[in-house]
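Residue numbering restarts at 1 for every chain, and letters A, B, ... go by the order of the sequence lines.
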Amino acid sequence: MVTIISTMETQVSNGPSGTSMPNGPVISTNGATDDSKTNLIVNYLPQNMTQEEFKSLFGSIGEIESCKLVRDKITGQSLGYGFVNYVDPNDADKAINTLNGLKLQTKTIKVSYARPSSASIRDANLYVSGLPKTMGQKDMEQLFSQYGRIITSRILVDQVTAGISRGVGFIRFDKRNEAEEAIKGLNGQKPLGAAEPITVKFANNPSQKTGQALLTQLYQTAARRYTGPLHHQTQRFRLDNLLNASYGVKRFSPITIDSMTSLAGVNLTGPTGAGWCIFVYNLSPEADESVLWQLFGPFGAVTNVKVIRDFTTNKCKGFGFVTMTNYDEAAMAIASLNGYRLGDRVLQVSFKTSKQHKA
DNA sequence: TAAAATT
């Protein structure tokens with residue numbers, strides 16, 4: 001099994017044109033709202049992040065006009081990206097500054113302004129293979145940039161061999177026609193000095209899976225929710241039924257899987273029903289929610305964070321709370337972060353007890 | 001030879 005991680009990605013700022021307004025939604029003269037300074041796209045979200053967690057994370061920055069975690073229409077699975085539209089352009093700017101690059105589990109999220117939605121920017125993603133192993137991300141961009149504006153580029157690397165290129169990558173152009181031109185110009189061509197020609201084609205659209213691929217993904221997703229191998233006969237039976245029912249049919253929803261796993265007695269939630277509440281002590285007066293997300297996000301699913309503030313000064317009173325969905329992840333976070341030195345302070349981190357009840 | 005970027 002080969003683990004693939006890319007660390008080579010360009011952060012393009014899809015900056016809005018013009019300057020940021022001090023307050024409120026921007027209304028143009030024709031009455032339509034201009035979202036260009038408030039609407040963000042968030043990429044590389046962890047697969048298991050929910051709409052609620054998504055809203056909680058971005059809501060910690062400022063008032064949200066609307067937000068949406070984008071899901072597969074059929075399976076309900078997260079597609080790993082979403083949109084957040086703030087009321088105030090300043091909060092959108094703040095969200096980019098504080099949350100772009102945030103590590104959540106195995107992902108590093110990307111927060112940037114959303115480009116205005118249009119058909120011309122869809123299906124502009126290319127899959128490139130046969131690249132010389134010596135070609136880096138910058139070289140690849142240089143090769144493709146003659147055909148248009150590159151939004152993202154990535155070369156897949158094999159982690160077990162210390163990040164050596166697999167000769168495979170992706171290029172997303174701003175416009176589909178730019179991608180088309182790049183295929184015409186580069187598919188089957190040898191880059192300067194390369195021994196072999198490269199292949200350039202449109203990348204598969206993840207939301208247009210075949211029935212078989214969809215089934216495989218469903219099965220893997222469902223199976224992953226069980227804590228171990230499917231020994232128990234009833235679990236196996238239920239899972240098989242689930243998959244049979246979902247394939248070629250009607251009313252499948254991820255709720256079905258959730259209720260099934262609950263019935264099977266796995267994937268327990270915490271004593272509050274909402275997750276495991278963690279008490280974090282010795283935060284600085286300047287601490288805010290983002291620091292809690294940064295500390296706990298890498299350990300697993302975080303549903304909520306809260307910094308307790310003084311009512312009058314609005315400064316942190318030195319403690320806060322974090323809610324995590326899964327016990328194991330919460331326990332790992334506590335084990336790792338209790339005693340952690342944050343600036344000149346040493347944190348105390350534990351499961352919340354009834355004694356620390358006030359919030 | 002395949003990672004989740006347009007609601």
Separation of atom [atom1] in [X] from atom [atom2] in [N], rounded to whole Å:
| X | N | atom1 | atom2 | answer |
| --- | --- | --- | --- | --- |
| A:Y86 | B:dT7 | OH | P | 20 Å |
| A:Y127 | B:dA5 | OH | P | 16 Å |
| A:F173 | B:dT6 | CZ | P | 15 Å |
| A:L45 | B:dA5 | CG | P | 9 Å |
| A:Q51 | B:dT7 | CD | P | 16 Å |
| A:N100 | B:dA5 | CG | C1' | 14 Å |
| A:N204 | B:dA5 | CG | C1' | 16 Å |
| A:I109 | B:dA5 | CD1 | C1' | 14 Å |

Less than 3.5 Å apart, which donor and acceptor atoms pair up between the side chains of residues 295-302 of chain A and the rest of the protein, not counting sequence neighbours?
none

Legend entry - Within residues 277-293 of chain A or reaching into it, pairs that qualify as side chain to side chain donor-acceptor pair (under 3.5 Å) - sequence neighbours excluded: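 Listed once each, the pairs are A:N282-A:R345, A:E286-A:K315, A:D288-A:S290, A:E289-A:R309.
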Inset, instruction - Examine B:dA3: is either OP1 or OP2 under 4.0 Å from a nitrogen or oxygen in the side chain of A:R166? Give yes or no. - result: no
Inset, instruction - Answer yes or no: does a side-chain N or O of A:R122 lie under 4.0 Å from OP1 or OP2 of B:dT7? - result: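 For A:R122, the contact criterion (side-chain N or O under 4.0 Å from OP1 or OP2 of B:dT7) is met.
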Sugar-phosphate only, base, or nothing, as touched by [X] at under 4.0 Å among non-hydrogen atoms:
| X | result |
| --- | --- |
| A:K201 | base |
| A:F170 | base |
| A:N125 | base |

Legend entry - Earlier contact from the 5' end, DNA chain B, for A:S129 and A:K68: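 The residue whose closest nucleotide sits nearer the 5' end is A:S129.
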Legend entry - 5′-ward residue of the pair A:S117/A:G80 relative to DNA chain B: A:G80
Inset, instruction - State, yes or no, whether a side-chain contact exists between A:V280 and A:V305 at a heavy-atom distance under 4.5 Å. - result: no
Inset, instruction - Answer yes or no: is there a donor N or O on one side and an acceptor on the other, between the side chain of A:T303 and the main chain of A:T323, under 3.5 Å? - result: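 Judged by distance alone, yes, a pair lies under 3.5 Å.
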Legend entry - A:Y81 aromatic ring stacked with six-membered ring of B:dA5, 5.5 Å and 30°: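 Whether judged by distance or by angle, A:Y81 falls short somewhere, so it does not stack on the base of B:dA5.
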Inset, instruction - If the plane angle is over 60° it's perpendicular, under 30° parallel, otherwise tilted; pick one for A:Y327 and A:W276. - result: perpendicular
